Amino acid sequence: MKKRVVFSLLCILTLNVYANAAKDDYETLKKSVVSKYEKQMPKQWGEKVTGVKTQFNTKQKVIAITMDACGSKDGMGYDKKLISYLEKENIPATLFINARWIDTNLETFKTLAANPLFEIGNHGLLHKPASVDGSSAYGIKGTEDIAELVDEIELNARKIESITNKRPKYYRSGTAYYDDVAVKVANRLKHQVIGFSILGDAGATYTAKKVEEAFMTAKKGEIAIVHFNHPESQTREGMIRAITKLKADGFKFVKLSDYPLK
């Protein structure tokens, strides 16, 4: 009995040591990032600032479907039918997932992350625009400073890694808005910042016809953005129509990791 108690205490102490070490490591990282960028003032604000990757560097007829799950109050849903369609048609996608959506849909998240057809991107801890001075987009206030931005990116990256054993290398902020310093911070945290060249569903507000029309503007090396957390929307219907036509036109659907970005 005494041996069991001692063993249990040793396990608890070991876990506490690892937890404290991880906390110290994180605080050291955050301080170093703040120190490096705190004197830099942002000069750009928007969806396509310097450093944001919006297309592939290729002349091939390829398209990346990137799908967001935002985790807002009304955005905790899951379009299972859309995901099932992609699986049936063997169409890959990069899924940008917010921490709150993960918490609400943990088992679904695990299933998606385990599927080699999909790769997981970082959509932030609280779905905030990526700012170093609190700038807002679409009425959503961005991260207040560099320290909060590090939390927004890094804490969700670590959450994803703790569940999947794989650290995400792509980041899209809430609203897909950034300032140029925030992009540098994300790069320092070993993320490529991903924008888009095709606005596929405008936050899951487009009609099926508008979704289809958006995709049908595709040329070569496009990155499309849509949402898979609103099954009530018409995103799925429009995408299915467009994908059918684009495949017939010789387009190939790929993941972000399949081609160099620009």
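These numbers come from a predicted model, not from an experiment.
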[X] with [Y]: basic N within carboxylate O range, under 4.0 Å:
| X | Y | result |
| --- | --- | --- |
| Lys209 | Glu212 | no |
| Glu119 | Lys166 | no |
| Asp179 | Lys184 | no |
| Asp249 | Lys61 | yes |
| Glu154 | Arg167 | yes |

Under 4.5 Å between side-chain heavy atoms, counting indirect links through other Ile/Leu/Val/Met/Phe/Trp/Tyr residues: same cluster for [X] and [Y] or not?
| X | Y | value |
| --- | --- | --- |
| Ile153 | Tyr177 | no |
| Val52 | Trp45 | no |
| Tyr37 | Leu155 | yes |
| Tyr171 | Phe196 | no |

Just so I know, are the side chains of [X] and [Y] near enough to count as touching, which here means a heavy-atom distance under 4.5 Å?
| X | Y | value |
| --- | --- | --- |
| Asn156 | Asn98 | no |
| Lys159 | Ile102 | yes |
| Arg236 | Lys81 | yes |
| Glu222 | Phe251 | no |
| Lys31 | Tyr26 | no |
| Trp101 | Asn229 | yes |
| Pro42 | Asp133 | yes |
| Leu86 | Met67 | yes |

Give the intermediate values and the outcome of side-chain contact (heavy atoms from CB on, under 4.5 Å) for residues Asn57 and Leu261. CA-CA 5 Å; Asn57 187 16; Leu261 300 163; over 6 Å; no

Test Lys252 against every option in Ile91, Ile63, Asp258, Val62 by the side chain to side chain contact (heavy atoms under 4.5 Å, CB included) rule and name the one that passes. Val62

Which residue is it: Asp180, Val49, Val181? I am looking for the one with a side chain to side chain contact (heavy atoms under 4.5 Å, CB included) to Lys43. Asp180

[X] side chain to [Y] main-chain N or O, any donor-acceptor pair under 3.5 Å?
| X | Y | value |
| --- | --- | --- |
| Asp201 | Tyr206 | no |
| Gln192 | Asn187 | no |
| Thr111 | Glu107 | yes |

Assess the residue pair Arg158 and Asp25 against the criterion (salt bridge (Lys or Arg N to Asp or Glu O under 4.0 Å)); give the C-alpha distance rounded to whole Å, side-chain angles, the decisive distance to 0.1 Å, and a yes or no. CA-CA 12 Å; Arg158 294 188 179 204; Asp25 168 69; 3.2 Å; yes

Does the side chain of Tyr259 come under 3.5 Å of the side chain of Gln60 through a donor N or O and an acceptor N or O? yes

